[in-house]
Each structure stands twice: as structure tokens, then as C-alpha cells.
Enquirer: 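I have a structure I would like to understand better, so I am pasting it below and will then ask my questions one at a time.
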Amino acid sequence: MNIEVYDNAIVPELMALLLSADPDKQSILSYLSGATIFVCKDNSLFVGVAVLVEIAGIAELKNIAVLKDYQGKGIAKIMIGKVKQQAKAMGATTLEVGTGNSSLSQLALYQKCGFRVYSIESDFFATYPEPIFENGIRCIDMIRLRAEL
């Protein structure tokens with residue numbers, strides 16, 4: 001499998017991956033412009049995507065997703081490593097990421113990759129068009145994590 005920077009149009013397969021991590025298409029479209037997009041491919045199949053943005057000198061991993069059949073194989077960890085390298089090359093000293101309070105496996109992944117919780121944005125997901133449920137928990141709050149680079 002190959003992980004590389006992707007600078008082509010967002011094809012339906014990539015949008016489906018992005019939507020698997022963030023179900024609000026308008027939110028995704030708002031942060032794709034100017035972002036660095038990494039893709040992981042298995043031959044011609046997109047199996048992973050990660051989106052890095054820099055806003056006012058702050059690097060943030062806005063989205064990361066791996067196809068269900070490819071999860072648990074270390075792809076997300078490798079992609080996060082690439083994102084960290086790129087963020088550092090951009091001059092960032094920290095990388096931030098946010099995830100839902102109900103995203104238990106994502107919270108574990110980020111902490112395994114060196115991120116630490118630093119804030120909670122209450123009611124962040126309360127305005128999403130459809131309620132989000134994961135692990136039997138309503139996703140309402142954004143858990144913000146940060147990793148030193």
C-alpha cells in the first residue's frame with residue numbers, strides 16, 4: 001500500500017471515506033480548500049484518507065478515515081505519522097485533532113499516537129443535521145487533543 005499527497009479532484013470514493021468520519025458534507029467541503037490531503041491506496045482502491053489544514057499557524061488533522069475492511073492494520077497510525085511529518089515541515093510545533101465524545105476507538109488511536117486531551121467543546125455536534133450515535137452514546141461534544149511535534 002502507498003500513502004501519498006493527493007491533489008486531484010475529490011472523487012466519490014474519497015468523499016464516501018471522508019463522510020464515514022464526518023457525516024456533515026458541508027463541513028468537509030469547508031475545510032478541503034487549501035488542505036493537504038493524504039491518501040492510502042491498495043492498487044487503485046482508496047483505502048484511507050487524511051486531511052491536514054493550517055489555520056493561523058495551527059496545524060490540525062481535520063479528517064482521517066480508513067475503509068472498514070482495512071481497519072486494524074496500522075494504516076491510520078502510519079497516516080497520522082505522515083501528517084505529523086508534514087505539519088512539522090510546515091513549521092508547526094503542535095498538531096491538533098478533534099473527535100466526538102462517543103468516538104471511543106478514535107480517542108484510543110489518537111492517544112496511542114501521542115495526542116493528549118486538552119479541551120472539550122460542549123454541544124459542538126448538537127447542530128449537525130442528523131444526530132450521531134456511536135457505541136450507544138449520542139455524540140454531542142468535541143474532544144480536542146494535541147500532540148507535540
Side-chain angles (χ1 to χ4, degrees), residues 3 5-7 9-40 46-149:
I3 297 173
V5 173
Y6 181 83
D7 57 4
I10 300 299
V11 295
E13 297 84 4
L14 278 180
M15 182 54 75
L17 266 175
L18 292 163
L19 286 166
S20 72
D22 181 351
D24 185 352
K25 187 174 184 177
Q26 292 308 313
S27 175
I28 292 169
L29 293 173
S30 75
Y31 57 70
L32 286 180
S33 178
T36 303
I37 301 168
F38 293 88
V39 294
C40 179
F46 290 105
V47 299
V49 63
V51 180
L52 171 66
V53 300
E54 181 186 4
I55 302 170
I58 298 171
E60 182 176 355
L61 174 59
K62 290 296 280 188
N63 191 312
I64 185 166
V66 175
L67 280 179
K68 189 169 184 120
D69 289 347
Y70 288 80
Q71 292 176 6
K73 299 176 187 293
I75 294 169
K77 286 181 184 176
I78 294 168
M79 293 189 82
I80 289 171
K82 294 273 190 188
V83 167
K84 283 181 167 182
Q85 288 173 351
Q86 179 67 29
K88 192 170 185 172
M90 293 168 27
T93 57
T94 60
L95 177 64
E96 298 182 359
V97 67
T99 194
N101 59 282
S102 57
S103 302
L104 304 180
S105 61
Q106 292 87 335
L107 284 165
L109 168 68
Y110 296 137
Q111 291 177 84
K112 289 175 186 177
C113 291
F115 289 85
R116 298 201 52 207
V117 174
Y118 77 91
S119 71
I120 299 172
E121 294 180 40
S122 297
D123 298 321
F124 182 90
F125 297 102
T127 61
Y128 268 48
E130 297 290 327
I132 302 167
F133 288 89
E134 297 173 291
N135 303 301
I137 304 166
R138 169 107 190 253
C139 181
I140 299 174
D141 303 322
M142 168 81 75
I143 309 296
R144 306 280 310 161
L145 300 97
R146 182 180 286 161
E148 300 301 320
L149 301 175

Enquirer: Test of understanding: with side-chain contact (heavy atoms from CB on, under 4.5 Å), list the residues that count as partners of Lys25, not counting sequence neighbours.
Expert: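 Lys25 satisfies side-chain contact (heavy atoms from CB on, under 4.5 Å) with Met15, Leu19, Leu29 only.
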
Enquirer: Provide the closest heavy-atom pair for Leu61 versus Ala50 in the form atom of the first, atom of the second, distance.
Expert: CD1-CB, 4.1 Å

Enquirer: Considering only distance and modelled atom types, tabulate donor-acceptor pairs under 3.5 Å from the side chains of residues 70-79, sequence neighbours left out.
Expert:
from  : atom 1 : to    : atom 2 : distance (Å)
Tyr70 : OH     : Asp42 : OD2    : 2.7
Gln71 : NE2    : Val66 : O      : 2.8

Enquirer: For Ser102, which residues count as a side-chain hydrogen bond (donor to acceptor under 3.5 Å, both in side chains) partner, sequence neighbours excluded?
Expert: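 Residues passing side-chain hydrogen bond (donor to acceptor under 3.5 Å, both in side chains) with Ser102: Glu134.
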
Enquirer: Which pairs count as salt bridge (charged side-chain N to carboxylate O under 4.0 Å, His left out) when at least one residue sits in residues 98-108, sequence neighbours excluded?
Expert: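 Sorted pair list comes back empty.
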
Enquirer: What do the steps show when you test Ile3 against Val39 for side chain to side chain contact (heavy atoms under 4.5 Å, CB included), and what is the final call?
Expert: CA-CA 5 Å; Ile3 297 173; Val39 294; over 6 Å; no

Enquirer: I'd like to check the side-chain hydrogen bond (donor to acceptor under 3.5 Å, both in side chains) partners of Glu96; sequence neighbours left out, ordered by chain and number.
Expert: Tyr118, Arg144, Arg146

Enquirer: Rounded at 0.5 Å granularity, tell me how far CG in Leu17 sits from CG in Asp22.
Expert: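 Here the rounded value is 13.0 Å.
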
Enquirer: List the steps, then state whether side chain to side chain contact (heavy atoms under 4.5 Å, CB included) holds for Val83 with Ile64.
Expert: CA-CA 10 Å; Val83 167; Ile64 185 166; over 6 Å; no

Enquirer: Under the rule for side-chain contact (heavy atoms from CB on, under 4.5 Å), what residues qualify as partners of Pro131, not counting sequence neighbours?
Expert: Phe133, Arg138

Enquirer: Tell me, do Tyr31 and Asn63 make a side-chain contact under 4.5 Å, heavy atoms counted?
Expert: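 Sidechains of Asn63 and Tyr31: in contact.
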
Enquirer: Applying ring pair (Phe, Tyr, Trp, His ring centres under 6.0 Å), can you list everything that pairs with Tyr128, at least two apart in sequence or on another chain?
Expert: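 Scan of Tyr128 (ring pair (Phe, Tyr, Trp, His ring centres under 6.0 Å), adjacent residues dropped) gives Phe125.
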
Enquirer: Report the distance from atom OG1 of Thr94 to atom CG of Leu145, rounding to the nearest 0.5 Å.
Expert: 12.0 Å

Enquirer: Checking Ala147 now: which residues fulfil side-chain contact (heavy atoms from CB on, under 4.5 Å) with it, not counting sequence neighbours?
Expert: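 Checked Ala147 against side-chain contact (heavy atoms from CB on, under 4.5 Å); matches are Lys84, Phe115.
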
Enquirer: What pairs with Phe124 under ring pair (Phe, Tyr, Trp, His ring centres under 6.0 Å), at least two apart in sequence or on another chain?
Expert: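 Per chain and number, Phe124 pairs via ring pair (Phe, Tyr, Trp, His ring centres under 6.0 Å) with no residue.
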
Enquirer: Could you state the interatomic distance from CG (Asp24) to OG1 (Thr127), rounded to the nearest 0.5 Å?
Expert: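 Reported to 0.5 Å precision, the distance equals 8.0 Å.
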
Enquirer: Would you call Phe38 and Gln86 a side-chain contact if the rule is heavy atoms closer than 4.5 Å?
Expert: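 Side-chain contact under 4.5 Å: yes.
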
Enquirer: What pair of heavy atoms forms the shortest contact from Ala92 to Leu149, and how long is it?
Expert: O-CD1, 3.6 Å

Enquirer: Closest heavy-atom contact between Ala59 and Leu52?
Expert: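 Closest pair (atom of Ala59, atom of Leu52, distance): CB-CD1, 4.1 Å.
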
Enquirer: Can you list everything that forms a ring pair (Phe, Tyr, Trp, His ring centres under 6.0 Å) with Phe46? Sequence neighbours excluded, please.
Expert: Tyr6

Enquirer: What is the distance from atom CG of Asn101 to atom OG of Ser103, rounded to the nearest 0.5 Å?
Expert: 7.5 Å

Enquirer: Would you indicate whether the side-chain heavy atoms of Ile37 and Ile10 approach each other to under 4.5 Å?
Expert: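 Contact flag for Ile10/Ile37 side chains = yes.
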
Enquirer: Decide yes or no for Val97 and Leu95: does some side-chain heavy atom of the first lie under 4.5 Å from some side-chain heavy atom of the second?
Expert: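 The answer is no; the side chains never approach within 4.5 Å.
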
Enquirer: List for me each residue that meets side-chain contact (heavy atoms from CB on, under 4.5 Å) alongside Asp69, sequence neighbours excluded, and say none if there are none.
Expert: none

Enquirer: Please, which pairs that meet ring-ring contact (aromatic ring centres under 6.0 Å, His included) have at least one residue in residues 76-106, sequence neighbours excluded?
Expert: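 Passing the test, one end in residues 76-106: no pairs.
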
